[in-house]
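Scroll down for the structure; my scribbles are underneath it.
As a basis for the values below, the full set of heavy atoms in this structure was taken, side chains included, without hydrogen atoms, waters or symmetry mates. Convention: sequence-line order gives letters A, B, ...; per-chain numbering from 1.
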Number of protein chains: 2
Amino acid sequence: MAATLSDVAAIAGVSIKTVSNVIHDYPHIRPATKQRVLDAIEATGYRPNLTARNLRTGRTGVISLVVPTLRNPYFAELAEAVMDAADREGLSVLIEQSRGSDAGAARASKAQLVDGMLFSTLGPEQEDTGLYAQLAPTLDGGTSEPLVDHVTMRNTEAIRAATEHLIGLGRTRIAAIGARPGDVSGAASLRLLGYRQALEAAGTAERAELVRPVATWTRFDGAAETERLLAEGVEVDGIVAFNDALALGALRALGQRGIRVPEQVSVIGFDDLDESRYSLPALSTISPGREQIAALAVQMLAERIAARDEPLPARNITVPFTLVERESTARA
Amino acid sequence: MAATLSDVAAIAGVSIKTVSNVIHDYPHIRPATKQRVLDAIEATGYRPNLTARNLRTGRTGVISLVVPTLRNPYFAELAEAVMDAADREGLSVLIEQSRGSDAGAARASKAQLVDGMLFSTLGPEQEDTGLYAQLAPTLDGGTSEPLVDHVTMRNTEAIRAATEHLIGLGRTRIAAIGARPGDVSGAASLRLLGYRQALEAAGTAERAELVRPVATWTRFDGAAETERLLAEGVEVDGIVAFNDALALGALRALGQRGIRVPEQVSVIGFDDLDESRYSLPALSTISPGREQIAALAVQMLAERIAARDEPLPARNITVPFTLVERESTARA
DNA sequence: TTGTAAGCGTTATCAT
DNA sequence: ATGATAACGCTTACAA
């Protein structure tokens, strides 16, 4: 059996309070006493029982991250960034997938094990961006709507920069792949706006046949929609895909038709997945500041957990992006 | 505040033991009493406090999965499979990355929060296969070495089948990419053995220049080593890569040289990553039975947790593989 | 500077 | 069939 506080106390010949004080670096302990306790801890190999501590303090040191699926590299890389950030805050991460059998029910039961949660999207069908952070219902005051922080990226500005990058290359017939015609909010509409702003600033009229809607932001739909675009005989010399998966799909469709990238068509994506570095050709993309988003979201959540009595106001933060130039938009 | 057992007891006019009995479906409760308790639970919105339960039972319902990094799609997909399996066993998964700052120390402190752990590799530099399962030190008897179960895949047989698949296509100069010359155990040596068995069975002599060593099983090294192979002017008409990342890298190197796959060179990988379906051309590969490995490992761990008093003997299980034919080995 | 003791919310042993 | 009550191992008033 693992040693307990009282085992250590017995050996050191002190009370458990003193041992506890030593563990918590309580200032006023006589050096000799402290040493005796330290020796006893050493001798017994004592490790505080976290479960007991949790019961007492009401905190677990665990946060959950809810993502649709880890199979999608975007979420896998986000998860990695969150775990790194959590490590720095001394928190552990319980990952949950929201796409899946009993999503809601399972999450509710696990909500008790965590101090707070991070969501990568709000709804099931929404591919929103960034991270939402809120206290676990257990810690939350519980009254009314929970306070949620949001850390996000510059969707519009980044796609605008991507589009202007192609325009700067002399491209004039630039397709936007990934539009969601119905959407009035969310990543798709923000990114479409950026595309439009770039065209407008360049004095180019938007052509309906170049704005390509897709059902999902996957490689599959990226390839299918690009194929359709080409099959329709639409003239294209540039493609701004609303994420890397779509761009990778586009690359595949272009390759299959024997269309050379970047000689005939320039392609740029959004996300800066590891994969994009290794595609053929390597994909130019927007690096949306994933590490920073993860770090800030975890930090804000940690603050919220620390200040659980005095609820913090909800905050919204937006982080800067960078444009990464690779082969797919090299100068012809 | 959340309702507790005694809140419910007070409202139902019974003792907390009775409420506890109702919650645990204890057989002998008078229907009327049971109903009163159920109503009180309903009225208060009572949910058992998991932390308190954990303290009492000594189990947390959480297991950890240790992977080098989630950025590697192989581990991301493995993690997904583990989480799905854990869901079915009513367990939550705490993911930890072993590559990283304070790997060991961090893990030790978290070991207390979990009932058991799953490792995807034993050492830092080893890319072993399958999953190892063992009880958390806290639950473990603690005496001597911990008992660990191992669920793995048919490394040798699968690569042999992959190689024979290429031989069946009429390929005679088949390169093996991913060898680890020094290794006498681990995935690399098992897979190399399969390659050799296939050549031998076909009566083909092994050519040293076709067995290509790499430092890491990444797309990067796959591309680099293939490039080197081609630069040396070695004749090749088939490539068996020891994992999909290497194969994807090989595809890139071949593409860059203008060598057509599968017309001039057939390529097959190992892992069946989602990505392989979308490469250009789509990659033939070995599906190693990841879902089954995850399911079995989680199941065995769950059994071990359930039987914590009577330690179960260590078990070794190997699951079957399947060969997935795609474009990269289509008949010319 | 250190000790005593209450309590976190369960589960489970004993009575009754 | 149900109720008191003692743990589980910790944190923390409050006392000494």
Side-chain angles (χ1 to χ4, degrees), chain A residues 1-38 40-41 44-61 109 111-113 115 136-139 306 308-309, chain B residues 1-38 40-41 44-61 109 111-113 115 136-139 306 308-309:
Chain A
M1 285 317 298
T4 75
L5 219 41
S6 42
D7 292 337
V8 175
I11 292 187
V14 298
S15 81
I16 62 172
K17 177 69 208 300
T18 302
V19 180
S20 180
N21 281 342
V22 171
I23 290 167
H24 292 96
D25 282 323
Y26 187 76
H28 311 294
I29 313 169
R30 209 179 319 147
T33 313
K34 180 164 183 170
Q35 194 51 54
R36 271 214 319 287
V37 172
L38 254 19
I41 287 177
T44 53
Y46 169 79
R47 314 250 59 208
N49 177 318
L50 296 187
T51 308
R53 181 176 288 177
N54 295 344
L55 175 57
R56 192 51 237 235
T57 61
R59 291 207 248 74
T60 65
S109 79
Q112 298 219 33
L113 293 170
D115 295 338
T138 337
L139 286 192
R308 61 162 154 165
D309 315 309
Chain B
M1 286 314 299
T4 76
L5 221 38
S6 42
D7 293 336
V8 175
I11 292 188
V14 298
S15 81
I16 62 171
K17 179 67 208 305
T18 301
V19 179
S20 180
N21 282 343
V22 170
I23 289 167
H24 292 94
D25 282 322
Y26 188 75
H28 310 294
I29 313 168
R30 209 178 321 146
T33 314
K34 181 165 182 172
Q35 194 50 56
R36 270 214 321 285
V37 172
L38 255 20
I41 288 176
T44 53
Y46 168 79
R47 313 252 60 206
N49 178 317
L50 295 186
T51 308
R53 180 175 288 176
N54 295 344
L55 174 57
R56 192 51 237 230
T57 61
R59 291 205 249 76
T60 65
S109 78
Q112 298 223 29
L113 293 171
D115 296 335
T138 336
L139 286 192
R308 60 161 155 164
D309 315 308

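Distance, B:Gln112 CD to D:dG9 C1': 11 Å, rounded to whole Å. Straight-line distance from the CG atom of A:Asp7 to the P atom of D:dC8: 10 Å, rounded to whole Å. Atom CG in A:Asn54 sits about 13 Å away from atom C1' in C:dG9, given to the nearest Å. Regarding B:Gln35, its CD atom lies at a distance of 13 Å from the P atom of D:dT2, rounded to whole Å. Residue B:Arg59 contributes atom CZ, which lies 17 Å from atom P of D:dC8 at whole-angstrom precision. The interatomic distance linking A:Asn21 (CG) with D:dA13 (P) rounds to 12 Å, in whole Å.
Taking the side chain as every heavy atom from C-beta outward, A:Leu5 and A:Tyr46 approach each other to under 4.5 Å. With contacts defined as side-chain heavy-atom distances shorter than 4.5 Å, the pair A:Lys34/A:Val14 does not qualify.
Side-chain atoms of B:Thr33 lie closest to D:dT2 of the nucleotides C:dG3, D:dT2, C:dG9. Of the candidate nucleotides D:dT2, D:dG3, C:dT2, D:dT2 has the atom nearest to the side chain of B:Ile29. Each of C:dC8, C:dT1, C:dT4 was ranked by its minimum atom distance to the side chain of A:Leu55; first place goes to C:dC8.
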Contact state string [nucleotides 11-16 of chain C, B base, S sugar-phosphate only, - no protein heavy atom under 4.0 Å]: BBB---
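Of the options A:Leu113, A:Asn49, A:Leu50, A:Thr60, a side chain to side chain contact (heavy atoms under 4.5 Å, CB included) to B:Asn54 is made by A:Leu113 and by none of the others.
Looking only at distances, no side-chain donor or acceptor of B:Ser20 sits under 3.5 Å from a matching main-chain atom of B:Ile16.
Applying the side chain to side chain donor-acceptor pair (under 3.5 Å) rule to A:Thr4 yields the partners A:Ser6; only residues at least two apart in sequence or on another chain are considered.
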